[in-house]
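Note sheet for the following structure.
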Amino acid sequence: DDNIASSGETIELSIPLINFGNQTSSNIQAVLISSSDLVTIESSSISYGSLQANNPVYGNHMITISSSVEQNETLDLRLRINDENQNEWFYEIPLDISGVLLNATNAGYFQSGSTSSFDINLSNSGMLIASEIQGTLSTNSSQIVINDANGSWNDLNPGQSLNSSNGFNISVSNDIINGSQFILDLLLENSEGYSRVKSYTITVGTLSDDDPMGPDRYGYYIYDSGD
């Protein structure tokens, strides 16, 4: 009703076709398609019939936008058009989306061999309220043990940042080289169907000139010739 497409909504797209030629085009068929798994096209195929020169004809397509779509995320909507002579055209259909946009704004700093509880700060840069977010922290690293993977946040209004209301807890191996960084996965969900994985970075120890750099994405460290 507000003429703004939002995550979690089913909306009708009214897409006009205009014939800029001098002759009538007949038997115009159009199919709305997308490569995104964040949109379901309820009515994809529309018959526009005949298009007279410079006379717009509208076709209505119903789509359902996933609750996980974030602010201004593209849905990769395209319209495939065919006429009676088997000519084919493709046109992108831009669509501005209102949604939440959540990201962790702080990073974690720990000492090797330590066990620590901590909060994660989330910001909402979107235009919609992020309601009752639940978070689950995970990692593939054998050097990080997650003792308490679950956290939650109260409602985040647009432009607001909040710490998790119950802390996470991890144990860090004592054989991690100072300055090592690990990117943990933070799954964010709520009862309205929002579900996205964000990154949360932690650093272990303080890097000195004598310490190697790393690890890289494959788990390797870089040493200089003096190490």
Side-chain angles (χ1 to χ4, degrees), residues 1-104 122-134 136 155-159 183 185-199 217:
D1 293 340
D2 56 7
N3 293 320
I4 299 175
S6 298
S7 59
E9 288 187 339
T10 296
I11 63 171
E12 184 177 70
L13 290 179
S14 185
I15 302 175
L17 293 185
I18 301 176
N19 178 6
F20 290 105
N22 297 319
Q23 298 180 344
T24 299
S25 297
S26 301
N27 194 24
I28 302 298
Q29 307 290 324
V31 179
L32 187 64
I33 58 176
S34 174
S35 61
S36 173
D37 59 0
L38 295 174
V39 61
T40 300
I41 301 174
E42 310 289 351
S43 54
S44 60
S45 182
I46 297 293
S47 175
Y48 282 78
S50 297
L51 295 182
Q52 298 178 357
N54 297 310
N55 184 30
V57 176
Y58 287 81
N60 297 322
H61 302 260
M62 299 293 296
I63 66 171
T64 297
I65 304 169
S66 168
S67 297
S68 294
V69 172
E70 294 191 312
Q71 180 74 34
N72 293 331
E73 188 166 10
T74 179
L75 297 180
D76 191 31
L77 292 169
R78 293 185 300 158
L79 195 65
R80 186 180 68 217
I81 305 167
N82 297 92
D83 66 7
E84 62 179 355
N85 297 318
Q86 304 304 311
N87 294 311
E88 186 174 67
W89 302 268
F90 287 87
Y91 291 97
E92 293 185 1
I93 307 298
L95 185 64
D96 292 330
I97 304 291
S98 292
V100 304
L101 182 54
L102 301 178
N103 284 292
L122 283 186
S123 68
N124 180 12
S125 303
M127 295 180 64
L128 299 183
I129 297 174
S131 301
E132 299 180 351
I133 297 295
Q134 304 292 319
T136 304
D155 292 355
L156 283 116
N157 293 314
I183 299 176
D185 289 332
L186 179 62
L187 172 62
L188 301 175
E189 300 177 296
N190 68 8
S191 60
E192 297 175 355
Y194 176 84
S195 180
R196 298 299 288 258
V197 175
K198 302 294 181 172
S199 296
R217 59 181 297 187

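For the single chain, residues carry numbers from 1 onward in sequence order.
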Within a strict 4.5 Å, meaning less than it, do heavy atoms of the [X] and [Y] side chains meet?
| X | Y | result |
| --- | --- | --- |
| L75 | L38 | yes |
| I97 | E73 | no |
| I41 | H61 | no |
| L95 | I63 | yes |
| I133 | Y194 | yes |
| V100 | L156 | no |

Nearest atoms (heavy-atom pairs only) where [X] meets [Y]:
| X | Y | value |
| --- | --- | --- |
| Q71 | M127 | OE1-N, 3.0 Å |
| S50 | T24 | CB-CG2, 4.0 Å |
| G59 | I46 | CA-CG2, 4.0 Å |
| Y58 | Y48 | C-CE2, 3.7 Å |
| S7 | G99 | OG-CA, 3.9 Å |

Main-chain N/O of [Y] paired with [X] side-chain donor or acceptor, under 3.5 Å:
| X | Y | value |
| --- | --- | --- |
| S98 | S6 | no |
| D155 | E132 | yes |
| S67 | E192 | yes |
| S68 | S195 | yes |
| N124 | L101 | yes |
| K198 | L188 | no |
| N85 | N87 | no |

Does atom [atom1] of [X] have more than 12 heavy-atom neighbours from other groups under 6.0 Å away?
| X | atom1 | answer |
| --- | --- | --- |
| N22 | CG | no |
| E92 | CD | no |
| Q134 | CD | yes |
| D96 | CG | no |
| I18 | CD1 | yes |

_Distance check, rounded to the nearest 0.5 Å: Y91 atom OH versus L79 atom CG?_
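If we round to the nearest 0.5 Å, Y91:OH and L79:CG are 9.5 Å apart.
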_With sequence neighbours excluded, residues passing side-chain contact (heavy atoms from CB on, under 4.5 Å) with F90_ =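 Checked F90 against side-chain contact (heavy atoms from CB on, under 4.5 Å); matches are I33, R78, R80, E88.
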*asked:* I'd like to know whether D76 forms a side chain to side chain donor-acceptor pair (under 3.5 Å) with S35, so could you lay out the CA-CA distance, the side-chain angles of the two residues, the decisive distance to 0.1 Å, and finally the verdict.
replied: CA-CA 6 Å; D76 191 31; S35 61; 2.3 Å; yes
*Decide yes or no on side chain to side chain contact (heavy atoms under 4.5 Å, CB included) for I15 and L32, but give the supporting numbers first.*
CA-CA 10 Å; I15 302 175; L32 187 64; 4.3 Å; yes
*E42 side chain to T64 side chain, donor-acceptor N/O pair below 3.5 angstrom*: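 A donor-acceptor contact under 3.5 Å links the two side chains.
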*Report the residue from L51, N19, N27, I28 that forms a side chain to side chain contact (heavy atoms under 4.5 Å, CB included) with D83.*
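Between D83 and the candidates, side chain to side chain contact (heavy atoms under 4.5 Å, CB included) is satisfied uniquely by I28.
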